[in-house]
Amino acid sequence: MGALNNDTFETLVPSRFISFSFPNPDPHHPANPHGDFLRVAVLDSPLLAASVPKCAALLAPKGREPDWIFSTEQGHFQLLFNSPGVSRLVLIGDPPQANDSSCAVYMRPKHEYGVSYQEKLTPLLFALAPKEAFRYGVPDIPFISYEDNVIRRVSVAYYAGQIVGDMVVEDVEIETGSPATQLRRRLRFKRMPNLVQTAVRLLPGAQIGKSGSDSTLFRLETGVMTQSYLEAMAAGLSLLGPWLENNDLSGVSPPRVLCLGVGGGALLMFLCAWFEFDLLGIEADEAVLTVARRYFGLTEGICSSSVASEVARFWAGLDRGNKVDSLENTGISCNSKIDDKTRFLSNCCVHVIMVDLDSSDARNGLSAPPLEFVDVSVLQAARLVLHEDGILVVNVIPPSNAFYLRILTELKGVFSELYEIDVGNGENYVLIATVSPIGFDARGSRNRVADKLKMVIEGRYLEGIRRL
């Protein structure tokens, strides 16, 4: 960028993002191998600042500067939203080098920045603070930390989708709280880099960083989920149990489960491993399905790609009674076990809809589902797709309390009963809406779905289902 003016940073400008080079105050520090200049990035919050704006700084972890979390505007927005109350975030680190732009290999370093190095950066932080921050004297500008459990990371493949944009498949070695570490394969999108879209466990004997061309080199544990919110979504299936208990399924088609949002396919493969459901996954981007099949073992024929707007139009068409036209225009194909897509998606034929869709814009914060999904017409159309004893299971990451209250209100206005599972990670909630009253009580209800789930997911998710 061009030269900065003396008054560039005096005022806050919502969502403004500026990066520049700055002389390194300690180029010989052992945690600073790349020399004389630092990359400095300044991001102003899109939200209105308090009367006295609060600034904070973050040092990019050594060796991870090229990671999208620390090198892109989208990553900066996520870091900012993870720092409540901060009006301006200053991120400082080595500039990504020409030979490590892909961040192909990362090992947690022995040396990190210390307090003395932070003190040398204090004059820079004061120069970057807005004028209003000095209203009552010299402000305190803390260094916030970024910590995760990644010990080692190897990039396996990069892809670009027409809808989701750039994505990376990576193998990581993580700390688990016990002496043993764990190997996982993950999928992340550049548009929301601090969110792990999919994580599956690599079984012992797998070689970290190997591609999907040789299945002997990467063996995945698809019958167990590593992401807590997916376990909670699976727990929501126990509300389908009462219907199963009241129906003899011999000679009857198994329950049909529609999953909106596939990612790497961890939820679908879990359901395949443990339940005899007719499954259909719908993903907006064909490139994501290619990645899921090649690197995460997603079974061929279980998913199809369909632009999200087409699915919304399908639901809207049902809401207007245009069932046939809507089905013909979706472009949806079904699981090979299902020979008629009309039979799968026709009115009152889907028993479960599971929604795992996140926002595509980091400026909105980490949120799910997309705002357009929380619309009465879409929810009403979803209800029309469902069987009279069907359920809607939605992963929710509320960016605000107002958003959460809105989705609760809309769901209660469309469905008979609403249940909640608090995932317990400070981010996710799972909501289960029922078409008909079932009076489910997690403490006293037993059914074949719940009994099977107890063997493979944490019991607290099943026991934590509460009616709202």
Side-chain angles (χ1 to χ4, degrees), residues 187 197-198 200 220-225 227 229-241 243-244 247 249 252-286 288-306 308 310-311 314-315 327 330-357 369 382 385-387 389-395 430 432 435 447-450 452-453 455-457:
L187 174 64
Q197 297 288 337
T198 299
V200 296
L220 306 176
E221 187 176 35
T222 56
V224 174
M225 292 183 292
Q227 292 169 283
Y229 85 91
L230 290 181
E231 289 192 77
M233 290 187 73
L237 291 170
S238 60
L239 274 74
L240 187 66
W243 175 79
L244 290 171
N247 288 272
L249 295 182
V252 179
S253 298
R256 298 178 179 87
V257 179
L258 174 64
C259 295
L260 300 183
V262 173
L267 178 59
L268 279 164
M269 294 307 294
F270 172 84
L271 297 177
C272 274
W274 291 100
F275 298 97
E276 294 183 358
F277 293 154
D278 273 350
L279 293 168
L280 172 62
I282 295 179
E283 175 57 55
D285 199 318
E286 179 62 37
V288 176
L289 294 182
T290 298
V291 168
R293 291 166 180 147
R294 184 169 297 175
Y295 298 99
F296 292 87
L298 183 65
T299 304
E300 289 287 345
I302 202 171
C303 293
S304 67
S305 60
S306 177
E310 291 293 335
V311 178
F314 160 67
W315 278 344
L327 283 166
T330 59
I332 295 172
S333 61
C334 289
N335 182 335
S336 58
K337 290 190 289 185
I338 304 165
D339 57 9
D340 183 355
K341 70 180 180 181
T342 304
R343 181 168 64 86
F344 191 98
L345 290 172
S346 62
N347 191 24
C348 299
C349 273
V350 177
H351 299 85
V352 183
I353 298 176
M354 306 189 83
V355 181
D356 185 14
L357 302 170
V385 173
L386 285 164
H387 186 277
D389 292 308
I391 60 174
L392 174 71
V393 182
V394 186
N395 172 44
V430 170
I432 310 109
V435 175
N447 57 69
R448 70 185 76 172
V449 175
K452 184 171 286 189
L453 287 169
M455 297 188 296
V456 288
I457 67 173

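All heavy atoms count here, side chains included; hydrogens, waters and symmetry mates do not.
Counting only heavy atoms from C-beta outward, the side chains of V394 and P369 approach each other to under 4.5 Å. A 4.5 Å side-chain heavy-atom check between L298 and V262 finds at least one atom pair inside the cut-off. Residues C259 and D356 fail the side-chain proximity criterion, which asks for heavy atoms closer than 4.5 Å. V385 places a side-chain heavy atom less than 4.5 Å from the side chain of I353. Side-chain contact between V355 and V393: absent, with no pair of heavy atoms (C-beta onward) separated by less than 4.5 Å.
A distance of 12.5 Å separates CG in L289 from CZ in F296, rounded to the nearest 0.5 Å. Rounding to the nearest 0.5 angstrom, the gap separating the CG atom in N395 from the CG atom in L260 is 12.5 Å.
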Requested in this report: Starting from the C-alpha separation in whole Å, work towards a yes-or-no answer on side-chain contact (heavy atoms from CB on, under 4.5 Å) for D389 and V435.
Outcome: CA-CA 6 Å; D389 292 308; V435 175; over 6 Å; no
Query - side-chain contact (heavy atoms from CB on, under 4.5 Å) between M354 and V257, intermediate numbers included - result: CA-CA 7 Å; M354 306 189 83; V257 179; 4.0 Å; yes
Query - Step-by-step side-chain contact (heavy atoms from CB on, under 4.5 Å) determination, L392 to L386 - result: CA-CA 8 Å; L392 174 71; L386 285 164; 4.3 Å; yes
Requested in this report: Starting from the C-alpha separation in whole Å, work towards a yes-or-no answer on side-chain contact (heavy atoms from CB on, under 4.5 Å) for F277 and R256.
Outcome: CA-CA 6 Å; F277 293 154; R256 298 178 179 87; over 6 Å; no
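Closest approach of V350 and V352 over heavy atoms only: CG1-O, 3.3 Å. Scanning both residues, G281 and L268, for their nearest heavy atoms gives CA-CD1, 4.0 Å. When all heavy atoms are compared, the tightest approach of A292 to G263 is CB-O, 3.5 Å.
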Can I get a per-line list of side-chain donor-acceptor pairs under 3.5 Å for residues 231-240, giving both atom names and the distance, sequence neighbours left out?
unit_1	atom_1	unit_2	atom_2	d
E231	OE1	E458	N	3.0
S238	OG	A235	O	2.7

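The only member of I457, T198, L267 that meets side-chain contact (heavy atoms from CB on, under 4.5 Å) when paired with L230 is L267.
Taking the six-membered ring where tryptophan is involved, the planes of W274 and F270 are tilted, since the angle between them lies from 30° to 60°.
Evaluation of the side-chain contact (heavy atoms from CB on, under 4.5 Å) rule for E221 yields R201, L203, V224 as partners, not counting sequence neighbours.
A salt bridge links R293 to E286: one of the charged nitrogens lies within less than 4.0 Å of a carboxylate oxygen.
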